[in-house]
2 protein chains.
Amino acid sequence: MRILLVEDDQRIRQDVTTALEAAGFVIDAEANGEEGWFLGDTETYAAAVLDLGLPGMDGLSVLKRWRAEGRDFPVLVLTARGAWAERVEGIDAGADDYLPKPFRMEELIARLRAIIRRSGGQASPVVTVGETELDTRQMRLTVRGVPVSLSPQEYRLVAYLMLHKGRVVPQQELSEHLQSVHFERESNAVEVLVGRVRRKLPTALIETRRGFGYIVNEPDGTS
Amino acid sequence: MRILLVEDDQRIRQDVTTALEAAGFVIDAEANGEEGWFLGDTETYAAAVLDLGLPGMDGLSVLKRWRAEGRDFPVLVLTARGAWAERVEGIDAGADDYLPKPFRMEELIARLRAIIRRSGGQASPVVTVGETELDTRQMRLTVRGVPVSLSPQEYRLVAYLMLHKGRVVPQQELSEHLQSVHFERESNAVEVLVGRVRRKLPTALIETRRGFGYIVNEPDGTS
DNA sequence: TCGGGTCTGTCAGCGTTTTGTCATTTTCGA
DNA sequence: TCGAAAATGACAAAACGCTGACAGACCCGA
């Protein structure tokens, strides 16, 4: 479930990204309005979270332009508290829901799920690869229906790879996502982690792309 | 039996909340129309009591929006005395019953019970997980039919987890929901509370997901 | 108003799990 | 075949959650 996040405030962007990823979404985060518009125009998202005050191109214009071009994914707009004028404009521009800042992450997630569900796209929190199933709601991984017990770090690794299945994920990207303070490139923590996970998964789920990173793929998938 | 109350008048909201709670309902009270709409859209209620004159989003719009999205819990609308036009609109919007202000609490409760009964066994007031049963109407928890005595705080914890069964609930979310605005990672209040509840429940009802939070699940883990 | 009981948060201690590092071996690709 | 990249096993420190004890707040009846 890919989500586009367009928000210029570095701090909020980071927090939201982290929270949404923890909730099982895959996030493309963008600070600049124009860049955000471009992504929304060219990529496919389940939904977008859009801040209105943006550099480059303001949020309302981004939204209007998407709608004018027929992009119909649901959009959740972040507004300053009490900015009713903005809301009204947003409605006209085609927003699906609003969230006044500041907000609780929990509420953002709930609303996002709501608009995704409403848009028909099922907000299914389950990702399946072969016989392995990841349930992001229960934060549980099952192989052939049998739950696998994973440590937090191990879970995050598998979840990240599965949510990005079909794509080679560089080690660096992994360590950045697994650690708040990502360790030096003198560390082989990721390799160790992958090893530990593999020992728990009888499957050859995680493939090594020597020199590039790791990838999770459908068994028959070609890539 | 959870009821959503959307009413901007502080006084009425308080009175109704108190009366309904005394009558055995669990109330989510909300003053703002938009917030109320959101709750009705994302949570599960046995019924809603909806005032028409609301800030944020007026009651009729809230109701229409719920119905447009397929939310079909019964709605009792509060109208100003003699405002017949409102009633007609309400009918079209999908209200189930009306109550002109001012009203007696007994009448509100009676009508509420009526529309809930009429709506047929929907929105069961009871959540069951394995042999554990949570009766939100009586605010009682029973294990194999035997009532368990819980303190208010303990009840809230179990109720929240059971109402969100199948989902990992972070500790932070729990402490936010369990009352006051004090939530620091420097406190282990939630852990203590969970411990206390567990001692009273012979069941392995509440599972710990180390590093993530707690979850209540069906014993067979299907979802 | 007093006294006992309950509720709830804090604290410190404890055992377990987790996790990064290191040294070493294995594997893979050119 | 060689060298770099990745995997592995062992280890120790850190993180995490559980528990029992305790104290202040609160409630209720006498």
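Chain letters run A, B, ... following the sequence lines, proteins first and then strands; every chain starts at 1.
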Whole-Å gap separating P (C:dT8) and CD (B:E191)
17 Å
With heavy-atom distances below 4.5 Å as the criterion, would you say the side chains of B:Y160 and B:L174 are in contact?
yes
Proximal nucleotide (of C:dA23, C:dT10, C:dC7) relative to the A:N188 side chain
C:dA23
Rounded to the nearest Å, what distance is computed from the CD1 atom of residue A:I206 to the P atom of nucleotide D:dT8?
12 Å
Taking the side chain as every heavy atom from C-beta outward, state whether A:V127 and A:E133 have any atom pair closer than 4.5 Å.
no
In this structure, how many angstroms lie between the C1' atom of D:dA6 and the CG atom of A:L193, rounded?
14 Å
Can you tell me the distance, in whole Å, between the CZ atom of A:R198 and the P atom of C:dT26?
17 Å
Nearest-nucleotide wise, let me know which of B:R209 and B:R196 is further upstream toward the 5' end of DNA chain D.
B:R209
Examine C:dT10: is either OP1 or OP2 under 4.0 Å from a nitrogen or oxygen in the side chain of B:S187? Give yes or no.
yes
Does a nitrogen or oxygen in the side chain of B:T208 sit under 4.0 Å from OP1 or OP2 of D:dC18?
yes
Does B:Q153 put a side-chain nitrogen or oxygen below 4.0 Å from OP1 or OP2 of C:dT6?
no
Would you say A:F25 and A:I116 make side-chain contact, with heavy atoms under 4.5 Å?
yes
I need the NZ-C1' distance between B:K200 and C:dC7, as an integer number of Å.
9 Å
Side chain of A:Q171 only, please: which of C:dT8, D:dA6, D:dT19 is the nearest?
D:dA6
With a 4.5 Å heavy-atom cut-off, do A:V6 and A:L4 have their side chains touching?
yes
Figure out the CG/C1' separation between B:L150 and C:dT8, and round it to whole Å.
14 Å
Taking atom C1' of D:dA4 as reference, at what distance in whole Å does atom CZ of A:F212 sit?
14 Å
Rounded to the nearest Å, what distance is computed from the CD1 atom of residue A:I215 to the P atom of nucleotide D:dA6?
15 Å
Starting at the 5' end of DNA chain D, which residue's closest nucleotide do you reach first, B:V194 or A:G211?
A:G211
Considering only side-chain heavy atoms of B:Y214, which listed nucleotide, C:dT19, D:dG17, C:dT10, is closest?
D:dG17
Between the base of C:dT18 and the side chain of B:R210, is one N or O donor paired with an acceptor at under 3.5 angstrom?
no
Can you tell which of D:dG17, D:dG9, C:dG20 lies closest to the side chain of A:R199?
D:dG9
Counting only side-chain nitrogens and oxygens, does A:S151 get under 4.0 Å of the OP1 or OP2 atom of C:dT19?
yes
The salt bridge (Lys or Arg N to Asp or Glu O under 4.0 Å) partner of B:E154 among B:R196, B:R198, B:K200 is B:K200
